[in-house]
Undergrad: 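Okay, here's the structure, questions in a sec.
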Amino acid sequence: MPLRFFNTYSRKLEDFTPRDAKNRKIDIYTCGPTVYSRAHIGNFRAYIFEDLLQRHLEARGFKIHRVMNITDVDDKTIRGAREAKVPLQKFTQQFKDAFFEDAEKLRIKRADDYPAATDQRYIEKMISMISALIAKGLAYQADDKSVYFRINKFPNYGKLAHFDLTELRSTGRVKHDEYDKEHIGDFALWKAWDEEDGDVKWDSPWGPGRPGWHIECSAMATALLGDQIDIHCGGVDNIFPHHEAEIAQSEGVTGKQFVRMWLHCAHLLVDGQKMSKSLGNFYTIPDVLAKGYTGREIRYALIRVNYRTQLNFTWDGMKEARESLGRIDDWLQRLREVAGDKKGNPKIDIQLGHEFEEALDDDLNISAALGFLFETIRDTNRAMDQNKLDAKTAVAWLNWWDQINKVLDFESDGAELPEEVAKLAEARAQARLAKDFRKSDELRDKLNALGWEARDTKDGQKITRRAGA
RNA sequence: GGCGGGGUAGCCAAGUGGUAAGGCUGCGGUCUGCAAAACCGCUAUUCGCGGGUUCGAUUCCCGCCCCCGCCUCCA
């Protein structure tokens with residue numbers, strides 16, 4: 001089956017081939033965080049989806065160049081900096097740091113570039129793009145000194161979101177500068193400075209001001225990836241207006257198709273409602289870590305449902321993630337024991353099936369891919385129970401795991417036995433030798449309380465960590 | 001009102017025009033000093049509701065109901 005994805009633009013599953021298919025290069029642009037507060041786990045669901053996309057394409061032999069922007073100037077960052085009485089740069093830096101810290105916890109691979117909207121280089125690019133749009137009649141400066149995109153001059157405006165502009169109406173959530181704009185749907189390319197902006201301003205041919213939100217992505221994407229890019233990702237809430245505006249700006253300037261494949265991630269819900277900052281119903285990564293869960297458990301919980309399906313975040317879901325990972329951990333431990341000293345031999349290989357990667361080829365069908373993994377786990381566990389799995393086959397499965405784990409990144413970091421745990425375990429082993437089961441059961445309870453589990457097997461006592469990294 | 005996504009067992013969730021993957025939970029069994037893990041078995045005659053097409057539909061078509069999202073802050 002060919003690689004295929006659901007393209008938001010056509011609303012269809014489409015076979016995907018990159019522009020540079022010969023060299024197997026793919027350019028991906030992903031909308032990153034606005035650093036006005038700590039990102040929540042709903043935001044990270046989108047970044048994990050993008051991570052899965054990148055890793056699967058890499059597993060398929062593509063060379064990925066991924067860019068993720070950092071929006072470090074907009075209404076909210078300016079307001080936040082004002083309220084905190086610190087310079088904008090200082091205000092946003094703390095949330096940039098937090099973003100990278102959280103992303104690392106979730107094992108999200110770093111993008112190749114993290115351009116920031118306030119970088120002088122991109123400000124200049126934005127200004128030159130806006131100038132080009134004005135020259136083409138696609139933008140105008142209004143009486144309020146701001147520059148707006150003239151959507152009536154761009155016939156494709158609305159194609160991505162499938163909106164009929166005559167139907168476009170305000171929800172009244174945002175104040176409109178209706179007196180100044182030609183059309184209610186015209187969006188700001190350059191926002192003229194006003195007092196509330198304080199010292200946040202850049203010079204431009206239209207006077208001091210700052211970029212509109214949408215133009216930064218058009219500028220940074222084309223600056224780093226060229227006029228055309230293969231895949232552009234984001235959350236569904238970015239479809240309109242943000243990505244619609246990006247198309248208008250970029251194609252308005254270049255005259256070329258901006259993006260070949262638009263992929264959008266559905267929202268993370270909590271209590272059946274969208275998780276969002278404005279509703280206040282959100283959790284951050286530290287919030288979930290504080291409940292005793294680990295980054296990889298959060299990763300599992302957020303990755304396990306197809307990106308186009310809304311996913312309801314629950315603590316039961318976190319529990320399920322923990323138990324499922326535990327099943328994988330135990331399976332790997334058993335395989336390693338069977339593999340013995342042959343483990344790590346990459347030359348051993350057998351026919352193992354390709355359902356995992358084929359499922360991911362189909363619009364990242366992670367549920368089917370994980371289904372195959374768990375079927376494999378049951379089959380090989382059964383074989384090991386019956387002593388029918390030889391060391392060579394165990395090694396082959398471990399090698400297979402190494403491959404799919406490059407995509408999943410689920411493997412436990414392993415944990416050193418703390419001295420206290422090791423002592424309790426040793427005491428328990430002695431008690432069992434002496435058949436002092438009362439004492440050994442007490443020690444087992446103590447180990448459990450510390451998050452470790454004692455299992456008695458025919459090869460003696462085994463200590464495993466039940467939860468965590 | 002317009003535009004999307006979705007309604008599959010207690011929960012989460014794949015899936016196909018031919019009779020329902022997988023995970024979690026629960027119950028019974030094998031194993032065990034007892035457990036745990038693992039394995040075996042049981043847990044949807046049925047896929048929101050009503051029609052239609054078909055030899056046959058959860059899967060295609062029509063209508064309806066419900067949930068969530070977007071309609072210029074949003075991943």
Side-chain angles (χ1 to χ4, degrees), chain A residues 6 8 11 30-34 36 39-50 74-76 79 158 161-171 173-176 184-188 213-214 233-242 244-245 264-269 272-279 300-301 304-312 314 316-317 319-327 329-331 333-334 355 359 365-375 377-378 381-386 432 435 437-438 440-441 444 448 453-458 462 464 466:
Chain A
F6 187 86
T8 307
R11 311 272 178 186
T30 52
C31 281
T34 300
Y36 71 104
H40 58 64
I41 57 176
N43 302 126
F44 279 104
R45 185 201 183 186
Y47 307 140
I48 284 180
F49 139 65
E50 290 151 2
D74 80 320
D75 292 351
K76 283 178 289 195
R79 195 194 316 135
H162 293 213
F163 284 161
D164 178 352
L165 291 176
T166 61
E167 298 283 331
L168 198 64
R169 67 185 201 191
S170 170
T171 55
R173 291 192 303 183
V174 173
K175 89 171 177 198
H176 290 287
I184 188 175
D186 288 353
F187 57 88
W213 172 39
H214 314 301
C233 306
V236 287
D237 48 2
N238 279 158
I239 296 171
F240 194 89
H242 187 235
E244 196 71 63
H264 290 96
C265 180
H267 282 129
L268 186 67
L269 309 180
Q273 300 287 124
K274 180 174 86 163
M275 182 177 290
S276 76
K277 299 270 176 67
S278 48
L279 292 172
Y300 186 98
R304 61 185 243 278
V305 173
N306 178 262
Y307 72 95
R308 286 197 293 127
T309 302
Q310 289 170 336
L311 169 61
N312 200 17
T314 61
D316 278 350
K319 180 94 183 341
E320 183 185 326
R322 165 166 294 177
E323 296 304 323
S324 303
L325 286 170
R327 186 163 164 77
D329 294 344
D330 290 343
W331 173 66
Q333 192 182 349
R334 276 187 90 178
E355 284 93 328
N365 188 341
I366 187 72
S367 298
L370 291 176
F372 179 67
L373 168 62
F374 284 109
E375 281 176 38
I377 289 175
R378 178 158 37 73
N381 272 336
R382 186 192 299 127
M384 286 189 278
D385 276 2
Q386 298 168 349
R432 275 178 51 75
K435 301 228 183 279
F437 294 122
R438 232 189 94 173
S440 79
D441 288 351
R444 181 165 62 198
N448 283 345
E453 191 168 69
R455 294 178 187 166
D456 303 312
T457 72
K458 62 182 188 303
K462 298 236 164 81
T464 29
R466 274 325 292 162

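Naming convention: chains lettered A, B, ... in sequence-line order (proteins, then strands); numbering from 1 in each chain. Just so we're clear, the structure is a prediction, and the values are computed from it rather than from any experiment.
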Undergrad: Looking at every heavy atom in both Pro33(A) and Tyr47(A), which two are closest together, and how far apart are they?
TA: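 Heavy-atom minimum between the residues: N-OH, 3.2 Å.
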Undergrad: To the nearest angstrom, how far is Glu375(A) atom CD from A14(B) atom C1'?
TA: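 Going from Glu375(A) (CD) to A14(B) (C1'), I get 10 Å.
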Undergrad: Who pairs with Asp316(A) by salt bridge (charged side-chain N to carboxylate O under 4.0 Å, His left out), at least two apart in sequence or on another chain?
TA: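 Partners of Asp316(A) under the salt bridge (charged side-chain N to carboxylate O under 4.0 Å, His left out) test: none.
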Undergrad: What does the list of N/O pairs under 3.5 Å between the protein and nucleotides 31-38 of chain B look like, with a distance for each?
TA:
residue: G33(B); atom: N7; partner: Arg432(A); partner atom: NH1; Å: 2.9
residue: G33(B); atom: O6; partner: Arg432(A); partner atom: NH1; Å: 3.0
residue: G33(B); atom: N1; partner: Asp441(A); partner atom: OD1; Å: 3.0
residue: G33(B); atom: N2; partner: Asp441(A); partner atom: OD2; Å: 2.7
residue: C34(B); atom: O2; partner: Arg444(A); partner atom: NH2; Å: 2.6
residue: C34(B); atom: N3; partner: Arg444(A); partner atom: NH1; Å: 3.0
residue: C34(B); atom: N3; partner: Arg444(A); partner atom: NH2; Å: 3.3
residue: C34(B); atom: N4; partner: Asp456(A); partner atom: OD2; Å: 2.9
residue: A35(B); atom: N6; partner: Asp456(A); partner atom: N; Å: 3.4
residue: A35(B); atom: N6; partner: Asp456(A); partner atom: O; Å: 2.6
residue: A35(B); atom: N1; partner: Asp456(A); partner atom: N; Å: 2.9
residue: A35(B); atom: N3; partner: Arg444(A); partner atom: NH1; Å: 2.9
residue: A36(B); atom: O2'; partner: Glu453(A); partner atom: OE1; Å: 2.8
residue: A36(B); atom: O2'; partner: Glu453(A); partner atom: OE2; Å: 3.2
residue: A37(B); atom: O4'; partner: Arg455(A); partner atom: NE; Å: 3.4
residue: A38(B); atom: OP1; partner: Arg327(A); partner atom: NH1; Å: 3.3
residue: A38(B); atom: O3'; partner: Asn381(A); partner atom: ND2; Å: 3.1
residue: A38(B); atom: O2'; partner: Arg334(A); partner atom: NH1; Å: 3.0
residue: A38(B); atom: O2'; partner: Asp385(A); partner atom: OD1; Å: 3.0
residue: A38(B); atom: O2'; partner: Asp385(A); partner atom: OD2; Å: 2.7

Undergrad: Between Tyr307(A) and Phe49(A), how do the two ring planes meet: parallel, tilted or perpendicular, split at 30° and 60°?
TA: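 Answer is parallel, since the angle falls under 30°.
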Undergrad: What does Ser324(A) touch in the nucleic acid at a heavy-atom separation under 4.0 angstrom: a base, only the sugar-phosphate, or nothing?
TA: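 Counting heavy atoms under 4.0 Å across all strands, the contact made by Ser324(A) is with sugar-phosphate only.
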Undergrad: Pairs under 3.5 angstrom, nitrogen or oxygen only, protein versus nucleotides 15-20 of chain B, please.
TA:
residue: G15(B); atom: OP1; partner: Asn365(A); partner atom: ND2; Å: 2.8

Undergrad: Of Phe372(A) and Leu269(A), whose closest RNA chain B nucleotide lies nearer the 5' terminus?
TA: Phe372(A)
Undergrad: Can you find a side chain N or O atom of Lys274(A) that sits less than 4.0 Å from OP1 or OP2 on C70(B)?
TA: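 Yes.
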Undergrad: When the distance from OH of Tyr300(A) to P of G22(B) is rounded to whole Å, what number comes out?
TA: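 In whole Å, G22(B) P and Tyr300(A) OH are 13 Å from each other.
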Undergrad: Just the table, please: protein N/O against nucleotides 3-11 of chain B N/O, every pair under 3.5 Å.
TA:
residue: C3(B); atom: O2'; partner: Ala161(A); partner atom: O; Å: 3.2
residue: G4(B); atom: O2'; partner: Arg11(A); partner atom: NH1; Å: 3.4

Undergrad: Which whole number of Å gives the distance between the P atom of A21(B) and that of A14(B)?
TA: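 Each nucleotide's P atom is 15 Å from the other's.
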Undergrad: What's the separation between atom CE in Met384(A) and atom CH2 in Trp331(A), rounded to the nearest 0.5 Å?
TA: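 If we round to the nearest 0.5 Å, Met384(A):CE and Trp331(A):CH2 are 7.5 Å apart.
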Undergrad: I'd like the P distance from G4(B) over to C39(B), given in whole Å.
TA: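 45 Å, rounded to whole Å.
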Undergrad: Touch check for Leu373(A), heavy atoms < 4.0 angstrom, all strands: base, sugar-phosphate only, or nothing?
TA: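 Contact class for Leu373(A): none.
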Undergrad: Taking all atoms of both residues into account, what is the closest heavy-atom pair of Gly158(A) and Glu244(A), and its distance?
TA: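 Minimum heavy-atom contact is N-OE2, 2.7 Å.
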Undergrad: Any idea which heavy atoms bring Arg45(A) and Ala266(A) closest together, and the distance?
TA: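 Closest approach of Arg45(A) to Ala266(A): NH1-O, 3.1 Å.
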Undergrad: In whole Å, measure the gap between the C1' atoms of C60(B) and G56(B) for me.
TA: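 About 13 Å, rounded to a whole number of Å.
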Undergrad: For Lys277(A), what residues pass the side-chain hydrogen bond (donor to acceptor under 3.5 Å, both in side chains) criterion, not counting sequence neighbours?
TA: Ser37(A)
Undergrad: For Glu323(A), check side chain to side chain contact (heavy atoms under 4.5 Å, CB included) against everything at least two apart and list the hits.
TA: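 Expected list: Lys319(A), Arg466(A).
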Undergrad: For a quick test of reading the model: is some side-chain N or O of Gln273(A) closer than 4.0 Å to OP1 or OP2 of C67(B)?
TA: no
Undergrad: If I pick the C1' atom on U8(B) and the same atom on U16(B), what distance separates them, to the nearest angstrom?
TA: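 Pairwise C1' distance, U16(B) against U8(B), rounds to 13 Å.
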Undergrad: So, for Leu311(A) and Leu268(A), which heavy atoms are closest and what is the spacing to 0.1 Å?
TA: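 Heavy atoms only, the tightest pair is O-CD1, 3.2 Å.
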Undergrad: Which atom pair, heavy atoms only, marks the closest approach of Asp385(A) to Arg334(A)?
TA: OD1-NH2, 2.7 Å
Undergrad: Provide the distance between the two C1' atoms, one in U46(B) and one in A9(B), to the nearest whole Å.
TA: 9 Å
Undergrad: In whole angstrom, give the distance that lies between atom CE of Met275(A) and atom P of C68(B).
TA: 16 Å
Undergrad: What closest approach, in Å, do Ser276(A) and His40(A) show between heavy atoms, and which atom pair accounts for it?
TA: CA-NE2, 3.8 Å
Undergrad: Applying a 3.5 Å limit to both distances, which nucleotide forms a Watson-Crick or G-U wobble pair with U45(B)?
TA: none
Undergrad: Quick one: does Asn365(A)'s side chain have a donor or acceptor within less than 3.5 Å of a partner on Ala359(A)'s backbone?
TA: no
Undergrad: Using the C1' atoms only, state how far U30(B) lies from A37(B), rounded to an integer number of Å.
TA: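 To the nearest whole Å, 13 Å.
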Undergrad: Counting the atoms with a prime plus P, OP1 and OP2 as sugar-phosphate, which does His40(A) contact under 4.0 Å by heavy atoms, base, sugar-phosphate, or nothing?
TA: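 The residue His40(A) makes base contact.
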Undergrad: Output the rounded distance in Å from CG (Leu325(A)) to C1' (G22(B)).
TA: 15 Å
Undergrad: Could you please name the partner base of C3(B), counting Watson-Crick and G-U wobble pairs only when both distances are under 3.5 Å?
TA: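 Base-paired to G69(B).
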Undergrad: If we take the P atom in both U53(B) and U58(B), what is their distance in whole Å?
TA: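 Straight-line distance between the two P atoms is 15 Å.
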Undergrad: State the CZ-CD1 distance between Arg327(A) and Ile377(A), to the nearest 0.5 angstrom.
TA: 6.0 Å
Undergrad: With nearest nucleotide decided by heavy atoms, which residue, Asn312(A) or Gly235(A), maps closer to the 5′ end of RNA chain B?
TA: Asn312(A)
Undergrad: Using both distances under 3.5 Å as the test, list the Watson-Crick or G-U wobble partner of A14(B), or none.
TA: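 Paired with A14(B), as far as the under-3.5 Å criterion goes, is no nucleotide at all.
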Undergrad: If you measure from the P atom in G15(B) to the same atom in U59(B), how many Å do you get, rounded?
TA: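 Nearest-Å result for G15(B) against U59(B) at atom P: 15 Å.
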Undergrad: Does the side chain of Arg444(A) reach to within under 4.5 Å of the side chain of Asp456(A), using non-hydrogen atoms?
TA: yes
Undergrad: With a non-hydrogen cut-off below 4.0 angstrom, is Gly317(A) in contact with a base, only sugar-phosphate, or nothing?
TA: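 No contact at all - Gly317(A) keeps every heavy atom at 4.0 Å or more from the nucleic acid.
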Undergrad: With a 3.5 Å limit on both atom pairs, tell me what U59(B) is paired to, counting Watson-Crick and G-U wobble, or say none.
TA: none
Undergrad: Partner of G28(B) by Watson-Crick or G-U wobble geometry, both contacts under 3.5 Å, or none?
TA: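 Per the H-bond distance test, C40(B).
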